Undergrad: 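Here it is: the structure, laid out below.
No experiment lies behind these values; they were computed from the predicted model shown. Numbers restart at 1 for each chain; the letters A, B, ... are given by sequence-line order, proteins then strands.
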Protein chains: 4
Amino acid sequence: MDFKNNQSIYLQITHYFHQGILKEEWKANDKIPSVRALAVDFEVNPNTVMRSYTKLQEQGVIYNKRGLGNFISEGAKQVVAKQMREDFLQSDLPEFFQTMSVLGIEVKDLEVYYSQWKGEKEV
Amino acid sequence: MDFKNNQSIYLQITHYFHQGILKEEWKANDKIPSVRALAVDFEVNPNTVMRSYTKLQEQGVIYNKRGLGNFISEGAKQVVAKQMREDFLQSDLPEFFQTMSVLGIEVKDLEVYYSQWKGEKEV
Amino acid sequence: MDFKNNQSIYLQITHYFHQGILKEEWKANDKIPSVRALAVDFEVNPNTVMRSYTKLQEQGVIYNKRGLGNFISEGAKQVVAKQMREDFLQSDLPEFFQTMSVLGIEVKDLEVYYSQWKGEKEV
Amino acid sequence: MDFKNNQSIYLQITHYFHQGILKEEWKANDKIPSVRALAVDFEVNPNTVMRSYTKLQEQGVIYNKRGLGNFISEGAKQVVAKQMREDFLQSDLPEFFQTMSVLGIEVKDLEVYYSQWKGEKEV
DNA sequence: GTGGTCTAGACCACC
DNA sequence: GTGGTCTAGACCACA
């Protein structure tokens with residue numbers, strides 16, 4: 001795990017779990033790594049991991065069993081998908097279109113870029 | 001002018017000028033507001049405006065005449081457009097496609113959203 | 001048996017016996033379930049049940065016969081009632097009144113809520 | 001400010017502001033002490049204060065102006081009152097009645113206790 | 001072993 | 001000056 005420098009680590013960890021849940025690498029009631037274990041794994045302070053887990057709990061994405069660890073919630077995938085979709089439609093998309101229109105890029109141009117991107121990804 | 005709280009104000013002001021230049025609301029050699037005037041107008045600390053102007057100067061988008069004020073540079077539009085385009089293609093677009101694919105949104109769906117957005121904007 | 005996550009499980013188990021004794025579901029010299037049996041029943045670690053039983057013994061609410069099991073003490077009901085009463089009057093009640101006064105709820109309003117609660121309970 | 005030992009400090013600080021807002025000691029758009037200032041005042045680590053402020057922000061009770069400090073939100077009082085009321089009715093009250101009924105205390109008895117409590121408070 | 005809280009101290013971006 | 005983030009290290013209650 002390597003972190004970008006322009007976003008806080010704890011948010012990147014949160015995002016990491018969001019992605020994992022959407023890709024169904026984590027399923028409902030799976031146990032996620034303990035705070036300490038992940039801290040060692042990601043070479044990060046336990047407090048930082050803790051902060052992510054707290055956020056995920058507040059979002060209802062994971063739940064805690066006392067003394068046992070943290071587990072993926074039942075409706076986690078739906079919750080994450082819904083929130084991500086909202087963020088995308090309400091803030092990312094308008095900003096994106098705004099930039100596009102200012103730069104004179106048309107929607108139809110996107111298809112070309114998209115297939116390029118898809119190609120690179122497979123490599 | 002109302003500012004989002006998740007990005008620094010001076011960057012938002014910088015962005016404001018970028019947009020204005022691309023839309024040709026500001027043209028080469030136009031005088032832009034004095035630091036103090038804009039600070040009052042935007043209800044912001046003069047230091048913050050100053051920081052924007054410094055950044056714009058570094059980018060070669062505006063130039064300063066001592067005692068007279070700040071003015072849009074000759075090649076401003078090209079500079080801004082070029083940099084914005086690069087940022088867009090290199091960082092915004094891939095991230096955008098990534099989110100789209102995770103959410104199961106196709107490129108063809110974008111046309112619908114785009115016309116919606118265009119409609120709202122006119123209102 | 002389902003446990004809240006904001007209080008330790010062993011205290012909830014202790015409380016469970018307190019209630020049972022006050023309601024006279026458990027009477028003096030009744031045998032209570034073995035540690036293992038209750039652990040299975042409650043889907044809980046035996047250590048956790050053990051901790052409850054230890055606490056109940058300290059309180060003089062149950063006693064142990066080696067090799068036979070744990071039994072309700074002679075004066076159990078009085079002990080529990082006395083302690084509960086003290087806790088209620090000294091800590092619960094003042095806090096309760098404090099919240100009430102801040103929220104602008106009057107004592108006379110309580111009667112309404114009380115009958116509501118009684119109704120729900122019977123259902 | 002002296003803290004109880006059975007609840008985490010950051011929650012007690014949060015609660016302190018809740019109370020202050022309900023009592024209208026803090027009103028909308030008032031500036032609250034800086035993280036550092038309060039930390040010194042309460043003889044607590046800045047991180048602990050920070051945690052409270054973060055929670056209050058999430059609750060929509062305070063808002064932040066970059067570099068200027070934290071301020072009471074417009075609808076703060078309503079938000080706090082609503083949440084407190086819900087907590088009280090949904091969890092405190094039933095538990096309270098439950099204990100009362102087990103202890104054989106009647107609603108009418110409360111009036112006596114209430115006037116006692118009121119008396120003590122004035123002293 | 002698990003999470004939860006707190007301190008001390010540091011660094012950064014921002015106003 | 002303001003908040004925000006992170007590290008290091010510690011202690012506690014709990015399962």
Undergrad: Check whether any side-chain nitrogen or oxygen of D/R66 sits under 4.0 Å from OP1 or OP2 of F/dG3, and answer yes or no.
TA: no
Undergrad: Parallel, tilted or perpendicular: which fits the ring planes of C/Y63 and C/F71, with parallel below 30° and perpendicular above 60°?
TA: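 Plane angle under 30°, so parallel.
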Undergrad: What is the distance, rounded to the nearest whole Å, between atom CG of C/N6 and atom C1' of E/dG4?
TA: 14 Å
Undergrad: Taking only side-chain N and O atoms of C/R51, does any of them lie within less than 4.0 angstrom of OP1 or OP2 on F/dC14?
TA: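 So the side-chain polar atoms of C/R51 do come within 4.0 Å of the phosphate oxygens OP1 or OP2 of F/dC14, strictly under.
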Undergrad: According to a strict under-4.0 Å criterion, is B/Y10 in side-chain N/O contact with OP1 or OP2 of E/dC14?
TA: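 Checking B/Y10 against E/dC14: at least one side-chain N or O falls below 4.0 Å of OP1 or OP2.
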Undergrad: Rounded to whole angstrom units, what separation is found between the CD atom of A/E43 and the C1' atom of F/dC6?
TA: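 Checked: the CD to C1' distance equals 15 Å.
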Undergrad: Roughly how many Å is it from NZ in D/K4 to P in E/dC6, rounded to a whole number?
TA: 15 Å
Undergrad: Just how far, in rounded Å, is P of E/dC6 from CE of D/M50?
TA: 15 Å
Undergrad: C/K31 and C/W26: which non-hydrogen atoms are nearest, and at how many Å?
TA: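 Of all heavy-atom pairs spanning C/K31 and C/W26, the closest is O-CZ3, 3.7 Å.
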Undergrad: When you get a sec, tell me which of F/dA15, E/dC11, E/dC6 is the closest nucleotide to the side chain of D/R36?
TA: E/dC11
Undergrad: When you measure from the side-chain N and O atoms of A/N70 to the phosphate of E/dT2, is any distance below 4.0 Å, counting only OP1 and OP2?
TA: no
Undergrad: Does the F/dG9 base have a donor-acceptor partner in the side chain of A/N47 within less than 3.5 Å?
TA: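 It does, because a donor-acceptor pair links the side chain of A/N47 to the base of F/dG9 below 3.5 Å.
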Undergrad: Picking from F/dG3, E/dC14, E/dT2, which would you name as closest to the side chain of B/L11?
TA: E/dC14
Undergrad: Nearest whole angstrom, please: distance from the C1' of E/dT5 to the CD of A/Q57.
TA: 14 Å
Undergrad: Answer yes when A/K65 and C/E43 have at least one side-chain N-carboxylate O distance shorter than 4.0 Å, and no when they do not.
TA: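 No.
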Undergrad: For DNA chain F, whose closest nucleotide is more 5', that of A/Q7 or that of D/P33?
TA: D/P33
Undergrad: Find the distance D/I32:CD1 to F/dG3:P and express it as a whole number of Å.
TA: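 Between P of F/dG3 and CD1 of D/I32: 8 Å.
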Undergrad: Would you say E/dA13 has OP1 or OP2 under 4.0 Å from some side-chain N or O of B/S8?
TA: no
Undergrad: Of the nucleotides F/dA15, F/dT5, E/dC6, which has the atom closest to the C/N45 side chain?
TA: F/dA15
Undergrad: Please work out if A/N64 contacts a base, only the sugar-phosphate, or nothing of the nucleic acid, heavy-atom cut-off 4.0 Å.
TA: sugar-phosphate
Undergrad: Taking any strand in view, what nucleotide pairs with F/dC11 in a Watson-Crick or G-U wobble way, both distances under 3.5 Å?
TA: E/dG4
Undergrad: Should A/S34 be listed as having a side-chain N or O under 4.0 Å from OP1 or OP2 of E/dG1?
TA: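 For E/dG1, OP1/OP2 do not have a side-chain N/O of A/S34 under 4.0 Å.
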Undergrad: Indicate whether OP1 or OP2 belonging to F/dC14 is found under 4.0 Å from a side-chain N or O atom of C/T48.
TA: no
Undergrad: Judged by modelled atom types alone, do D/H18 and D/Q59 share a side-chain donor-acceptor pair under 3.5 Å?
TA: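 The answer is yes; a qualifying pair exists.
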Undergrad: How far apart are the closest heavy atoms of C/N45 and C/N47, and which atoms are they?
TA: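 For C/N45 versus C/N47, the nearest heavy atoms are OD1-N, 2.9 Å.
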Undergrad: Could you state the atom-to-atom distance from CG of A/N5 to P of F/dG4 in whole Å?
TA: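 My rounded result for the distance is 19 Å.
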Undergrad: Would you mind reading off the distance between D/K55 atom NZ and E/dT5 atom P, rounded to a whole angstrom?
TA: 9 Å
Undergrad: Would you mind telling me which of E/dC6, F/dG3, F/dT7 lies closest to the side-chain atoms of D/V35?
TA: F/dG3
Undergrad: Between D/Y10 and D/T48, which heavy-atom pair has the shortest distance, and what is it?
TA: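 Reported closest heavy-atom pair: CB-O, 3.7 Å.
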